[in-house]
Asks: 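Would you mind keeping the following structure in view while I ask a few things?
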Number of protein chains: 2
Amino acid sequence: MSAEVPPGYDPYAFEPFAVTVDLAVFTVREHVLQALLIERGEEPYAGRWALPGGFVRREESAEEAARRELAEETGLSGPNAARLHLEQLRTYSDPGRDPRMRVVSVAFAALVPDLPEPRGGGDATGACWRPVADCTGLAFDHDRILADAHERVRAKLEYTCLGTAFCPAAFTLGELQQVYETVWGVALDRPNFRRKVLASPGFVERMPNAPRRTGGRGAPAALYRAGSAATLQPPLMRPEGRTP
Amino acid sequence: MSAEVPPGYDPYAFEPFAVTVDLAVFTVREHVLQALLIERGEEPYAGRWALPGGFVRREESAEEAARRELAEETGLSGPNAARLHLEQLRTYSDPGRDPRMRVVSVAFAALVPDLPEPRGGGDATGACWRPVADCTGLAFDHDRILADAHERVRAKLEYTCLGTAFCPAAFTLGELQQVYETVWGVALDRPNFRRKVLASPGFVERMPNAPRRTGGRGAPAALYRAGSAATLQPPLMRPEGRTP
DNA sequence: GCAAAAGTGTTACTTGTACACCCATGT
DNA sequence: ACATGGGTGTACAAGTAACACTTTTGC
């Protein structure tokens with residue numbers, strides 16, 4: 001662990017890196033998977049779109065930094081903050097990923113329900129939701145980070161209960177199914193989807209209230225909330241063919 | 001991204017972190033899943049066991065640093081280096097995980113076949129393979145890192161072709177099955193295991209040579225090598241009950 | 001011969017899939 | 001009335017698990 005360190009040289013006094021977090025924040029809005037972008041105000045990449053993020057402070061972990069930045073960028077706090085899924089994706093450390101100096105970035109993927117406002121008290125010059133398909137030409141290596149996060153989310157819906165993270169506190173099974181269809185880009189059979197979800201213990205729980213009648217035309221649907229389970233047994237497979 | 005930076009203060013001139021890599025290197029030796037440990041020669045935790053690792057240099061990425069450290073620690077090079085699976089696990093960044101200063105560590109999980117020698121030209125005072133069940137009381141937060149890596153490997157065997165990474169260049173289906181039984185700690189039905197493996201396209205390929213007769217008593221087994229596929233469709237499920 | 005390991009086959013059962021069908025609501 | 005979405009039932013195909021059986025080696 002220390003052969004490459006010259007004798008008498010404190011190994012902890014060299015090779016300083018800057019450490020940042022980058023956030024790939026996803027939501028489902030208007031039947032489309034969207035990501036949160038900010039417009040950079042400074043060089044490098046001034047005026048370009050980028051993933052939200054920022055520096056890790058001395059007294060906090062990367063997870064805490066990610067949660068703080070997310071709150072600043074989206075205004076997510078209080079009861080909403082509890083309904084948020086935040087997960088470490090991986091760390092990007094290529095030398096040269098920032099033209100100025102060595103910056104190592106811990107990337108996170110976040111899943112949030114459809115929020116009323118695109119951003120809260122953020123400090124970026126501009127923040128907006130954008131369909132992930134249109135998120136190209138981002139600053140730094142953020143195209144790559146977003147693509148990795150997208151694939152991670154797609155895969156995780158198969159064997160975890162993460163789909164509920166895209167839904168509000170109370171949701172119908174039809175809304176949950178739309179989340180899956182949107183993220184995977186396929187059409188699912190409604191009766192079979194129902195059965196699988198209800199057969200997975202702890203995936204969803206029925207809310208002890210009355211069903212709602214949305215503005216939409218159709219029979220009133222029962223309301224559910226996210227259950228306590230984290231993983232899905234058996235997994236909810238995503239079919240390969242078939243586009244919606 | 002810059003609201004917390006005082007105006008006129010270069011955001012890239014503050015909060016220096018040290019960045020290291022830590023490696024959870026696994027192999028299957030004598031029907032037991034083992035991890036590579038080194039004995040620390042310096043404070044803190046002098047004399048304690050730890051995961052191999054080291055500092056990321058200025059001109060390399062974390063992946064390159066991990067590969068370099070692994071080569072130093074195990075003597076893995078040349079043809080063996082190609083047969084190695086190295087994968088980023090996650091990044092550990094709790095303040096206080098190193099008592100001296102802020103160290104952010106990018107952890108990797110590595111899977112290697114049963115190597116002839118425990119270590120090559122490593123620089124640690126001591127290195128050895130140890131059954132993962134006995135790897136407790138490690139330095140820093142390495143207990144946690146090893147546990148996370150162990151669970152990752154267990155899970156990844158289900159839906160990827162990673163099992164072959166534990167095997168030599170040529171192996172029998174019986175050896176591959178032992179890998180799964182060892183990592184999962186369960187007994188598998190041999191006929192069914194065969195069928196699933198052979199039915200997964202690109203998982204294994206038959207070697208165009210003669211079967212071998214090992215010292216073991218039994219019929220000679222056909223030899224296979226790792227295929228080109230990375231993911232497994234359908235997955236190879238791990239049963240829940242039953243201990244071997 | 002016997003134990004151990006490779007390899008093949010068969011059966012019972014569980015699961016997934018693709019539908020058909022009815023109900024409730026808004027326009 | 002009818003389109004739309006919620007909810008239930010069912011027949012068939014596909015996959016899985018469990019086990020019996022044969023073959024080939026070493027001792």
Side-chain angles (χ1 to χ4, degrees), chain A residues 30-31 157-159 167 170-182 184 186-201 203-207 209-225 232-244, chain B residues 31 158-159 167 170-182 184 186-201 203-207 209-225 232-244:
Chain A
E30 299 160 5
H31 297 199
L157 284 202
E158 289 192 351
Y159 60 96
C167 296
F171 53 87
T172 69
L173 293 185
E175 291 165 353
L176 184 61
Q177 181 176 348
Q178 277 196 6
V179 166
Y180 279 83
E181 291 181 331
T182 299
W184 286 344
V186 297
L188 300 174
D189 184 80
R190 187 160 40 81
N192 294 335
F193 180 82
R194 278 185 84 67
R195 260 188 294 267
K196 283 190 186 179
V197 169
L198 295 177
S200 302
F203 191 0
V204 297
E205 308 175 347
R206 188 130 187 197
M207 299 211 46
N209 293 347
R212 80 148 122 164
R213 55 196 58 91
T214 65
R217 52 218 170 287
L223 286 178
Y224 294 83
R225 63 176 171 224
L232 213 45
Q233 195 70 345
L236 198 62
M237 290 305 226
R238 106 177 92 153
E240 33 222 284
R242 203 163 43 158
T243 48
Chain B
H31 296 199
E158 289 193 351
Y159 59 96
C167 296
F171 54 88
T172 69
L173 292 184
E175 291 166 353
L176 183 62
Q177 181 175 348
Q178 277 197 5
V179 166
Y180 279 82
E181 292 181 330
T182 299
W184 286 344
V186 298
L188 300 174
D189 183 78
R190 188 161 41 81
N192 294 336
F193 180 82
R194 273 185 90 65
R195 258 187 295 267
K196 284 190 185 177
V197 170
L198 294 177
S200 303
F203 191 177
V204 297
E205 308 175 345
R206 188 130 186 196
M207 299 211 44
N209 294 347
R212 76 148 126 166
R213 55 197 57 95
T214 66
R217 51 215 174 291
L223 287 178
Y224 294 84
R225 63 176 171 223
L232 212 47
Q233 195 71 343
L236 198 62
M237 290 306 222
R238 105 177 93 151
E240 33 222 283
R242 202 162 43 158
T243 48

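Chain naming here is simple, since letters A, B, ... match the order of the sequence lines and numbering starts at 1 in each.
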Asks: Quick one: list whatever passes side chain to side chain contact (heavy atoms under 4.5 Å, CB included) with A:Q177, sequence neighbours left out.
Replies: A:E181, A:L188, A:R190, A:F193
Asks: Can you measure B:L232 atom CG to D:dT16 atom P for me and round it to whole angstrom units?
Replies: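 Value for this atom pair: 11 Å.
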Asks: Nucleotide by nucleotide, 5' to 3', does protein get under 4.0 Å of the base (B), only the sugar-phosphate (S), or neither (-) in nucleotides 4-10 of chain D, counting heavy atoms?
Replies: BBBBBBB
Asks: Excluding sequence neighbours, so at least two apart, what forms side chain to side chain contact (heavy atoms under 4.5 Å, CB included) with A:A222?
Replies: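 For A:A222 the side chain to side chain contact (heavy atoms under 4.5 Å, CB included) partners, ignoring immediate neighbours, are A:R206, A:Y224.
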Asks: State, to 0.1 Å, how close A:S200 and A:P234 come at their nearest heavy-atom pair, and which atoms those are.
Replies: OG-O, 4.4 Å
Asks: I want to check one thing: is the phosphate of C:dT15, taken as OP1 and OP2, less than 4.0 Å away from some side-chain N or O of A:K196?
Replies: no
Asks: Expressed in angstrom and rounded to an integer, what is the separation of A:Q233 atom CD from C:dG16 atom C1'?
Replies: 15 Å
Asks: Measure the CG-CZ distance between B:D189 and B:R195 for me, rounded to the nearest 0.5 Å.
Replies: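 So the gap between those two atoms works out to 7.5 Å.
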Asks: What pair of heavy atoms forms the shortest contact from A:L198 to A:V204, and how long is it?
Replies: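 Taking A:L198 first and A:V204 second, the nearest heavy atoms are CD2-CG2, 4.1 Å.
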Asks: Please give the angle, rounded to 10 degrees, between the axes at the start and the end of the helix from C:dG1-D:dC27 to C:dT27-D:dA1, where five pairs define each axis.
Replies: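 Comparing the first five pairs with the last five, the axes sit 0° apart.
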Asks: Nearest-Å distance, CG (A:L188) to C1' (C:dC19)?
Replies: 16 Å
Asks: Listed by chain and number, what are the side chain to side chain contact (heavy atoms under 4.5 Å, CB included) partners of A:R225, not counting sequence neighbours?
Replies: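 Listed in chain order: A:E205, A:M207, A:P208.
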Asks: Once side chain to side chain contact (heavy atoms under 4.5 Å, CB included) is applied, do any residues pair with A:T172, and if so which ones, sequence neighbours excluded?
Replies: A:E175, A:R212, A:A221, A:L223
Asks: Side chains of B:F203 and B:L176: closer than 4.5 Å at any heavy-atom pair?
Replies: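 Yes - at least one pair of side-chain heavy atoms lies under 4.5 Å apart.
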